[in-house]
Amino acid sequence: MSTLRNFIPIKSMLSHIKFTSPLIKRTLTTTPSKSEGREGWFSKLIVRRIEPTKEPHSRMLSDKEIIYELQTHNIKPDSRKNYLTNYEKTVQLIESRKSELNSELVGSWTVEVGDMDQALHLWRHTGGFSGIDVAKRILATDNDYWKLENERGSYLRSRHLQYLLSFSYWPQIESREGNNIYEIRSYRLKPGTMIEWGNNWARAINYRRSNKEAFAGFFSQVGRLYNVHHIWCYNDLHSRKEIRESAWRLPGWDECVAYTVPLIREMHSRILRPTTFSHTK
């Protein structure tokens, strides 16, 4: 992997501190501080060097043989009810053959803020990509499945599918009860920066554990590449505001944000509401 470029060159008087993180080795260049505990902007300008590796990024960032599938469906405004009824039947059909397909729904949502008339469905597949190959061969001969697929096409404007891996440092996915909202924050990263992202978020996630809002964190394998999705769970919009603001009061959170923002090319946020048939509420 190629060396990341320097963000801004700093004068030769700078001191160099080397350290090893759990995921990568990097060199951090900082300006000596005159008073301990006070960091100016220039102390956060860094020079990072990613060591060459023969390991694929996915193996370094994820230790699971589980593949996640994120389906994004853009619904015709007048077809929302028919679409949701159709998709619920599809979920029931697939899960009735769960032992053969090794597939199960994790969560299903409609977008309340962001891309309106949109639904997101998150599936978990065990057995790696070979398991997905088997499931596709089985469904290819299921007439009921294809009847639902063809019918659903008449309710949609467009759709997109991604295969994802879960970041190993995120908490294990657990279904939630109650009446929650979810936020999916999606990032398009600069190519070659996924390891650097993982290195910083392996630390950053520790600042977001106390309220149990961290639901899932993924990076793309097939579909739009260098995509990251973080899914958070909140009681409501007000609790989301309070929890996010409290993170900024924790020493170190601002530093993690400062390090990851330069890696991002595009980002957007959507507020989600679980469907009636979602396994997480």
inquiry  = Could you check whether atom CD of Glu149 has more than 12 heavy atoms from other residues, nucleotides or ligands sitting under 6.0 Å from it?
reply    = yes
remark   = Closest non-hydrogen atoms of Ser96 and Leu93, given as atom of the first, atom of the second and distance, are OG-O, 2.5 Å
ask   = After noting the C-alpha distance and the side-chain angles of Ser220 and Tyr226, does the key distance pass the side chain to side chain contact (heavy atoms under 4.5 Å, CB included) rule?
value = CA-CA 6 Å; Ser220 59; Tyr226 284 98; 5.7 Å; no
query = When you measure from the side chain of Asn211 to the backbone N and O of Glu213, does any donor-acceptor pair fall under 3.5 Å?
reply = no
request  = Please round to the nearest 0.5 Å and tell me the distance separating atom CD of Glu183 and atom CZ of Arg185.
outcome  = 4.5 Å
message = If we ignore hydrogens and angles and just use 3.5 Å, is the side chain of Asn180 paired with the main-chain N or O of Lys281 as donor and acceptor?
response = yes
inquiry  = Does any part of the side chain of Ile205, heavy atoms only, come nearer than 4.5 Å to the side chain of Arg209, both counted from C-beta?
reply    = yes
query = Among the clusters formed by ILVMFWY side chains lying less than 4.5 Å apart, do Met194 and Met267 turn up in the same one?
reply = yes
ask   = Any donor-acceptor pair under 3.5 Å linking the side chain of Thr141 with the backbone of Leu139?
value = no
ask   = Thr280 side chain to Arg176 main-chain N or O, any donor-acceptor pair under 3.5 Å?
value = yes
task = Indicate yes or no: at least one non-hydrogen side-chain atom of Leu122 is less than 4.5 angstrom from one of Tyr68.
result = yes
Partner residues of His229 under the ring pair (Phe, Tyr, Trp, His ring centres under 6.0 Å) criterion, sequence neighbours left out = none
Arg249 side chain reached by Ser246 side chain, heavy atoms, under 4.5 Å = yes
query = About how many Å separate CD1 of Ile231 and CZ of Arg270, when rounded to the nearest 0.5 Å?
reply = 9.0 Å
remark   = In short, Ala214 meets Trp170 closest at the heavy-atom pair CB-CZ3, 3.6 Å
inquiry  = Looking only at side-chain N and O atoms, does Arg188 offer a donor or acceptor that is under 3.5 Å from a partner on Asn227?
reply    = no
Side chains of Trp253 and Trp248 in contact at under 4.5 Å (non-hydrogen atoms) = yes
task = May I ask whether Tyr187 and Val113 are part of the same hydrophobic cluster, defined by side-chain heavy atoms of I, L, V, M, F, W, Y residues being less than 4.5 angstrom apart, directly or through others?
result = yes
remark   = Partner of Trp123 under side chain to side chain contact (heavy atoms under 4.5 Å, CB included), picked from Leu70, Ile94, Leu164, Ile67, is Ile94
inquiry  = Could you walk me through whether Leu189 and Val228 satisfy the side chain to side chain contact (heavy atoms under 4.5 Å, CB included) test, starting with their C-alpha distance in whole Å, then the side-chain angles of each, then the deciding distance to 0.1 Å, before giving a yes or no?
reply    = CA-CA 8 Å; Leu189 305 185; Val228 168; 3.8 Å; yes
ask   = Which pair of non-hydrogen atoms, one from Leu105 and one from Ser278, has the smallest distance, and what is that distance?
value = CD2-CA, 4.5 Å
Backbone of Asn150 reached by a side-chain donor or acceptor of Ser154 within 3.5 Å = no
request  = Apply side-chain hydrogen bond (donor to acceptor under 3.5 Å, both in side chains) to Arg97 and list each qualifying residue two or more places apart in sequence or on a separate chain.
outcome  = Glu100, Asp142
ask   = Do Arg203 and Asn206 get their side chains close enough for a donor-acceptor pair, meaning under 3.5 Å?
value = no
ask   = Can you tell me how far CG of Leu156 sits from CD of Glu151, rounded to the nearest 0.5 angstrom?
value = 11.0 Å
ask   = For the residue pair Val106 and His279, what are the closest heavy atoms and their distance?
value = O-CB, 3.6 Å
message = Centroid separation under 6.0 Å, is that true for the rings of Phe219 and Trp197?
response = no
key: Leu101-Val134 co-clustered via ILVMFWY side chain contacts under 4.5 Å   = yes
note = Heavy atoms of Arg124 and Ile66 approach each other most closely as CG-CG2, 3.3 Å
query = Under the 3.5 angstrom rule, does the side chain of Thr85 hit a backbone N or O of Lys81 as a donor-acceptor pair?
reply = yes
message = Checking Tyr155 now: which residues fulfil ring pair (Phe, Tyr, Trp, His ring centres under 6.0 Å) with it, not counting sequence neighbours?
response = none
request  = Determine which pairs satisfy ring-ring contact (aromatic ring centres under 6.0 Å, His included) with at least one residue from residues 89-120, sequence neighbours left out, and list them in order.
outcome  = Trp109-Tyr182
task = For Lys241, enumerate each residue passing the side-chain hydrogen bond (donor to acceptor under 3.5 Å, both in side chains) test, keeping only those at least two apart in sequence or located in another chain.
result = Glu245
message = Between Arg157 and Ile75 (side chain of the first, backbone of the second, donor and acceptor by atom type, cut-off under 3.5 Å), is there such a pair?
response = yes
note = Rounded to the nearest 0.5 angstrom, the CG-OG1 distance for Leu148 and Thr90 is 4.0 Å
Pairs where residues 69-80 contributes a residue and the test side chain to side chain donor-acceptor pair (under 3.5 Å) is met, not counting sequence neighbours = Glu69-Gln71, Glu69-His125, Gln71-Tyr87, His73-Tyr83, Asn74-Gln118, Asn74-Ser158, Arg80-Thr110
task = Taking all heavy atoms of His160 and all of Gly223, pick out the closest pair and write down the distance.
result = NE2-CA, 4.4 Å
ask   = Looking at Arg273 and Glu112, does any basic side-chain N land under 4.0 Å from a carboxylate oxygen?
value = yes
message = Determine whether Phe129 and Tyr163 satisfy the following criterion, ring-ring contact (aromatic ring centres under 6.0 Å, His included), listing intermediate values before the conclusion.
response = CA-CA 9 Å; Phe129 283 107; Tyr163 287 130; 5.8 Å; yes
key: Joint hydrophobic cluster, Trp146 plus Val91, side-chain heavy atoms closer than 4.5 Å   = yes
inquiry  = Run Arg152 and Asn82 through side chain to side chain contact (heavy atoms under 4.5 Å, CB included) and show every step you take.
reply    = CA-CA 8 Å; Arg152 185 158 62 251; Asn82 289 337; over 6 Å; no
message = Are Tyr234 and Leu250 linked, directly or through intermediate hydrophobic residues, by side-chain heavy-atom contacts shorter than 4.5 Å (ILVMFWY only)?
response = yes
message = Tell me whether Arg208 forms a cation-pi arrangement with Trp232, defined as NZ or CZ under 6.0 Å from the six-membered ring centre and within 45 degrees of its axis.
response = yes
ask   = How many angstroms lie between CG in Asn200 and OG1 in Thr260, if you round to the nearest 0.5 Å?
value = 6.0 Å
message = Once rounded to the nearest 0.5 Å, what's the spacing between atom CZ of Phe277 and atom OG of Ser108?
response = 3.5 Å
